[in-house]
Amino acid sequence: MSASATHRTIDAIWRIESAKLIAGLARMLRDIGLAEDLAQDALVIALERWPDTGIPDNPGAWLMTTAKRRAIDLLRRNKLRDRKYEEVGREIHAYAEDDIVGALDGEIGDDLLRLIFTTCHPVLSQEARVALTLRLLAGLTTDEIARAFLVAESTIAQRIVRAKRTLNTAQVPFEMPVAHELKERLSTVLEVIYLLFNEGYAATSGGSWVRPLLCQEALRLGRMLAEIAPSEPEVHGLVALMEIQSSRFKTRVNAKGEPILLMDQNRALWDRLLIRRGLAALERARSLGRPLGPYALQAAIAACHAQARTAEETDWARIAALYEALARAMPSPIVELNRAVAISMAFGPLFGLQLVEELTSEPMLKDYHLLPSVRGDFLFKLGRFDEARSEFARAASLTRNERERDLLLKRVAECPISE
Amino acid sequence: MRFMMIVKATKDSEAGAMPSTELIEAMMRYNEELVNAGVLVAGDGLHPSSNAIRISYPEPGGKPKVIDGPFTEAKEMIAGFTMIEVKSREEAIEWALRMPDPHGFGEGQIELRQVFEAMDLTQDPELIAKEAALRERAERLKN
């Protein structure tokens, strides 16, 4: 194997092993910053040695042993200065006698869960949570993260350094949240994953409509989380939502790179495998026997679309009912706006328009392009073209996505001019 | 990117012989590892070719020929597949190397094939869209 081929293989091994490695080290050291540094040290040693020695049979265990040796050296140099390190030192030595491979497999799920709860900790800003999660859980390089978010690499590097410092200063323990905090903390984790997914699915700015890497990473993190926290219905709900949305990935743009709306997409091109996985995840959420949360409800709505063979077969009355349940679980004017669309499809644009009129005074939607866009659509269907035209124009002036703007301007042009 | 790990058939798998308990357990542990890492998308084992059907078109434009199994040449057949979603070719190879030897007796063989996806080809929306249009045309021709 050539040196560059070995390096690419090591990258792949890092991708598979790094989260487990960092999570295991963080449990011993109770410091994720230090854990990542040591894991990185082990990676550097592997990059130096493996091109000559070949890749060991169990690279994960090799990296763990190497990182742990570095940890012991470091602790000796620090001469077990304080009690924290004294305890940590004891734990590491105790660990040394364990079967490393066994330890890697055994409690790793709990360690990974602690790790994701830490990288998504409330003391961190949303941006910091995202960057840290991608780096420590998904094993992406700062360069990959920077490219996905279209920012400079140094920005991401700084964000990660600051995030680790914040966790240190706030003395955030490497622990599972206590029972009464669990629900809220879990929702922070799910929020980070879904934010990643959406960032990839519909870029809010710039020319590119989809950024696949972020979607794929979010989906992978979600699938991972579903295995380490299997008793949480919302985890499965989120996975279901992302699987079903991903199934439409290929049909979202036309030959000119313009977005194609859900109703106009070629359903033959939807990825049946992902839809099946999504429906199975939704079933897993339902089978836990608790009321469906916001993610599972959104997944149920997405499932209605996925199960309709043609746009005309869509069960809009059921979708409207699901939106109503969603509005109760998660009150939001945006949900109301979507409910208005479903109601209009089920019972006619006049009913939709009535609901939308109530939303025009909503401060949260003041500059939200989809409100005039939806209102324009209802007016258009009712034959009130002059009003529709000005709504579409307003929507076009509010969106930040170039392709979406083009689509809206096309709708402006489609409104017949009255005599 | 998606890869299919194809486990080739052997004389044993064709004879319908069940794998050893050790191998079944090792495979289960391996599959669990794939699930835990969030990379497993689908996978199944196949019945031996004794109840398979082969449809061929020996003459261009002619009628299809339907032949019942079993078929010879075990190495040309597959015994099962596992589909994974990974970031790179190397990651796919790394996962495939971790699969237990599926047969033993020096007969185990795993083939890795990449699954066509618009996203693998490019991240350029224009090219993705072109591919979508092409597929759309193909779908229309089929109907």
Side-chain angles (χ1 to χ4, degrees), chain A residues 5 7-17 19-20 55 58-60 105 108-109 112 138-140 144 207-213 215-217 219-228 239 243 249-260 265-266 268-269 271 273-274 276-277 403, chain B residues 1-4 26 28-44 81-98 112 115-143:
Chain A
H7 280 196
R8 283 201 303 274
T9 302
I10 295 172
D11 279 350
I13 290 169
W14 176 254
R15 163 128 172 123
I16 296 171
E17 303 292 347
K20 291 186 276 184
I55 290 161
N58 190 334
D105 291 342
I108 201 67
L112 285 171
L140 295 192
E144 284 170 320
S208 166
W209 183 254
V210 279
R211 285 190 234 147
L213 180 67
C215 285
Q216 279 163 19
E217 290 311 314
L219 199 47
R220 193 169 79 101
L221 286 170
R223 289 169 181 163
M224 226 169 92
L225 194 60
E227 299 313 312
I228 54 183
V239 172
E243 301 266 16
F249 218 88
K250 290 172 197 168
T251 52
R252 299 183 72 242
V253 283
N254 66 12
K256 288 187 211 132
E258 296 161 344
I260 305 175
Q265 290 176 15
N266 180 352
L269 298 179
D271 188 328
L273 181 61
L274 292 180
R276 260 206 317 280
R277 292 185 57 91
R403 305 209 185 277
Chain B
M1 47 194 358
R2 259 183 219 173
F3 278 87
M4 190 182 263
M28 273 168 61
R29 268 201 307 278
Y30 174 67
N31 280 335
E32 217 169 282
E33 221 185 306
L34 292 176
V35 173
N36 290 344
V39 296
L40 182 80
V41 190
D44 274 307
F81 71 93
T82 305
M83 193 124 87
I84 54 173
E85 209 152 57
V86 292
K87 208 179 71 177
S88 66
R89 188 185 158 78
E90 285 75 17
E91 194 188 338
I93 298 171
E94 189 55 34
W95 279 117
L97 283 171
R98 292 174 185 211
L112 262 179
V115 179
F116 266 119
E117 274 182 298
M119 290 306 144
D120 302 333
L121 304 174
T122 172
Q123 296 205 352
D124 173 359
E126 249 177 65
L127 286 176
I128 293 165
K130 266 184 201 145
E131 207 230 34
L134 202 70
R135 282 192 184 220
E136 198 178 320
R137 235 174 39 223
E139 288 292 330
R140 268 207 306 273
L141 284 175
K142 259 189 264 170
N143 293 336

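Letters A, B, ... are given to chains in the order of the sequence lines, protein chains preceding strands, and every chain is numbered from 1. No experiment lies behind these values; they were computed from the predicted model shown.
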Less than 4.5 Å to any heavy atom of chain B: does that hold for the side chain of [X], its backbone, both, or neither?
| X | result |
| --- | --- |
| Gln265(A) | neither |
| Ile228(A) | neither |
| Leu112(A) | neither |
| Glu243(A) | neither |

Please round to the nearest 0.5 Å and tell me the distance separating atom CG of Leu219(A) and atom CD of Glu85(B).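 Answer rounded to 0.5 Å: 6.5 Å.
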Drop me the distance from Arg2(B)'s CZ to Asp271(A)'s CG, to the nearest 0.5 angstrom.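 Here the interatomic distance stands at 4.5 Å.
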If every non-hydrogen atom of [X] is compared with every non-hydrogen atom of [Y], which pair is closest and at what distance?
| X | Y | answer |
| --- | --- | --- |
| Leu140(A) | Lys87(B) | CD2-NZ, 3.7 Å |
| Glu90(B) | Thr9(A) | CG-N, 4.1 Å |
| Val41(B) | Arg277(A) | O-NH1, 2.7 Å |

Pairing residues for Leu40(B) by the side-chain contact (heavy atoms from CB on, under 4.5 Å) criterion, not counting sequence neighbours: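 Only Leu34(B), Val35(B), Thr82(B) meet the side-chain contact (heavy atoms from CB on, under 4.5 Å) criterion with Leu40(B).
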Options Leu221(A), Ile13(A), Leu225(A), ranked by heavy-atom pairs under 4.5 Å with chain B, top entry: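 Going by pairs under 4.5 Å, I would pick Ile13(A).
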Glu94(B) bridged to Arg15(A) by N-O distance under 4.0 Å: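 Looking at Glu94(B) and Arg15(A), the cut-off is not met.
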By side chain to side chain donor-acceptor pair (under 3.5 Å) - contacts of Trp14(A) (at least two apart):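 Trp14(A) satisfies side chain to side chain donor-acceptor pair (under 3.5 Å) with no other residue.
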Measure distances from Arg98(B) to the heavy atoms of chain A and classify the residue's part below 4.5 Å as side chain, backbone, both or neither.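 Arg98(B) touches chain A through side-chain heavy atoms alone.
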